[in-house]
Amino acid sequence: MADTSLSQTEARSAPAAPPRVGRIAGILHRNETLRGYLLMSPTMLIMTIGILVPFLILLVMSFWTREGFGFDTTLTAHNYTRVWNEPIFGALLQRSFWISGVATVVTVALCYPMAYYVAFHVHRNKMMWIILMTLPFWTSYLLRVFAWKVILGYQGVINSGLMSVGVIEAPLEFLLYSQTAVIITLAHAWAAFAILPLYVSLEKIDKSLLEAATDLGDGPMARFFRITLPLSMPGIIAATFLIFIPTTGDYITPALLGGPDGAMIGNFIQLQFGAINNWPMGATLSIVLMLWISAIALVFLFVTRKAQERIA
Amino acid sequence: MSDQGTYIKRPNRPLQIYAMVFLFVLYLPILFIPMFSFNDSIYVRFPLQGFTFQWYGELWNRQPVWNALWNSVKVGAVVAVISTILGVVAARAITRYRMPGKSALVTFIMMPLVIPGIIFGVALLVLMSRMGVPLSLYTVTLGHLIVCLPFAVATLLPRFEGFDPSMEEASADLGENGWWTFWRVTFPMVMPGVVASLLLTFTISFDEFIMAFFLTGTDPTLPMYIWGQLRFPQEFPSVLALSSLILFVSFILVFVAQWIGRLGLDKDT
Amino acid sequence: MTTSDGFISIRHVNKFFGSFQAIEDVSMNIGQGEFFSLLGASGCGKTTLLRMLAGFESTSSGEIYIDGQPTSDVPPHHRPVNMVFQSYAIFPHLNVRDNIAYGLRKQKLPKAKRDEMVEEMLELIKLPGYGQRKATELSGGQRQRIALARALILRPKVLLLDEPLGALDKQLREQMQLELRALQRQVGITFVFVTHDQEEALTLSDRIAVMSGGKVLQVDTPAGLYETPKTREVASFIGNMNFFQGTVRRNGAAMGAVETEGLGHIPVPLDQLTKPDGAPVQVALRPEKFELSPTRPEGALHAVEGRLSNAAYLGERSHYYVSIAGKDQPIAVSTQNLGRMTGAPDISGDAPMWLSWAPEAIVILDADETG
């Protein structure tokens, strides 16, 4: 039957000389690294045009100064000395980091039990839960902030709701245009950035480690602090970074909800490129913000690394 | 599942309640938007005044809304296609080749995820003005591309990591060159990731505001249009109606994208 | 089926991954129609060598010829070889028929002809009528057969198999071994088979290359490898082996002799003795070459008395460990359990036990320091 058709004599007859490929194709065939870089190059080109080049120009511009409606392109550290000497800039930076810091801590703390619940106590439809928890994050940031304006506003949902049921007589004024409003909104808007890394790090924990801890005499609390929490540290660190860094530069939330007390460095940068029209100063502030973020991130990494070594 | 109901995983009632409250609070603020969009009052406040489609009807007849919508769709479609193609290419390179400096490249691509958007926005604005490029939908598209690329790569990477490299080798071994191998094996196998990436990047671009804020010329995208309307309290209800529609579409697109994107990746479903 | 030398010819091939040398100066010939195995522990370079034949890894130096043609610059999709992958690499988005017909695209066959060829292959692998099945519905053994059919339908000059039976359970593996061997005889294609399982290699192969640390230690027939290993490494990798230190003492014309640790002055056939008088050597004897008896066996050329120190009953055979004076490690002995075994052997160390063997069973190896 089938066997007769497959004898060696009928084996696939290759041409006398196997087809030789071209010189360049030959090099590519042999050099895997080169092929990889070639494949990466279009993406890298876009990223270079979109990130690297603009950033370098921003860096150069930060050493320029404003001159009427144009720029004085002589390089000078004038803007940096201003940022260093005038207290308004330092105060704004400090406030930005304070608001972001509080929002970050609140978000991570509130999201941790949620991530823990899905990682350890949800057995069916885990995927559904993850999608449910992260879905709002994908919708417009502007609209989510807007939603909080609707809720916290002077005549907003909370005030009008409480007044219509008679709990309060006059609207609560501290709700809108305050740091609290900004912190609440940031925590809500960035929850997905905390949940995902926390969930991933918790899910990765080998359940038999927890059973081992229990077997060796740990109660639920001791087990949590001695096993679960240390092992989920990478997730906590990632979540902290993912929230703290982007929120320090946020300007939509403070613009809509912050009022004068809640303005952050992002609003000030935006003003330099807008109403104040001092682009070099805006560039300087952007660079200073980046430097501060990097410095804080490094210190945070160093401290957590040390703390982990202490525990281990 | 075999480990269901083990000692470690036994039900925890307080945690369960917390989870429910968490989800409720997560969705509540967004639910107020559609709720008040049907409210028959120009004031967004309790008590509700009655049900109306008036605000939606007003939207329908407003030409600037349609223009802004069309702008957003154009930008979103272009951004989705380009960032997904670049994402496929990059994800393939990252997973298949030994490259020195690979992790640095990946970090570079993922940077827009963690750096404040305002910095990219002003940096691109400065670049464009120095090069004399007028702000337009093209500059917005470039800005959105930067924002969307990390998401495209992050969506596609697990797909490429998830499939056995010997699949592609088997195709080469059976006589197909790189081009045909890609279309006959690689692409069909990463297809769910590609669809997910297209939907996600479209949604992100469609909803994006920060980049658009700095890079929009005279043609506004939909979020820019909304931002402009927020100054006028009398426009609040129609903004609510428009926002409800955007939220609705975004939710559907993202839900489908997430569902498709995770198909076959999680073993526990 | 003739075995002509050098259908596949591997010439001084080296392979470096960075500074790690995966393949070290490997040269060998594989004949047409041969069932050839690359045997070694994981990390020995056998899979790298196979992937070089397929074209997935380039050679750092040296050349591989297939049917007389150098292959360095030929990409995998132009090579007249096909591979059965360790994971089988069955395309999950295609059904069985499309998986098997995958490589036929370029031949632009009419659909009817293509389907006929696929059905022929399905019969060959004993899965007729499976064409419409989804790839994801197949069992391990079925996937393995589909992978075979997918490669064989292209009638390659060489079929490469990368541990194709590794993922199957023991019973299925043994059945597939028989089928694979029969299939290879049927189609007459050269098979190059990678495995870490020595029993599998012995069962299947015409010839076996034993590899270790990127080098080929010995290429031989299964019987050749087992009965006359060239080095201690090969001897201990394939089956079990007892080793003794010895010194050559040539004293007769008919038989040579070796002064051996623990065994004394033992006769050895002359053809085993290539070393001069007084040279240090190793004497190797497989466990099943010994005969055990409670008294000194009559008619044996040489016998040694020892004490039984341990025993294990394995059903069809038993393993014994016999301690003898002058050697630290006990000697491993394996015997067929021909009669019914009753009671446990006396391992108290009091019972004397005599060891004897045929001089022809002895293998003499070069001395090594690790001894």
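Chain naming here is simple, since letters A, B, ... match the order of the sequence lines and numbering starts at 1 in each. Reckoned from all heavy atoms, side chains included, excluding hydrogens, waters and symmetry mates.
Taking chain B as the reference chain and counting heavy-atom pairs below 4.5 Å, the highest number among C:R105, C:R150, C:Q86 is found for C:R105.
Ring orientation note: the planes of B:Y18 and B:F22 are tilted relative to one another, at an angle of 30° to 60°.
In this view, B:N177 satisfies the side-chain hydrogen bond (donor to acceptor under 3.5 Å, both in side chains) rule with no residue, not counting sequence neighbours.
Interface remark: C:F91 contributes backbone and side-chain atoms alike to the contact with chain B (heavy atom separation under 4.5 Å). Only the backbone of C:I90 comes within contact range of chain B, with heavy atoms under 4.5 Å apart.
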Checklist line | Audit row: C:L53, C:T71, side chain to side chain contact (heavy atoms under 4.5 Å, CB included) steps and yes/no | finding: CA-CA 8 Å; C:L53 286 170; C:T71 58; over 6 Å; no
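Remark: B:R184 is positioned above the aromatic ring of C:Y102, its terminal NZ or CZ atom under 6.0 angstrom from the ring centre and at most 45 degrees off the axis.
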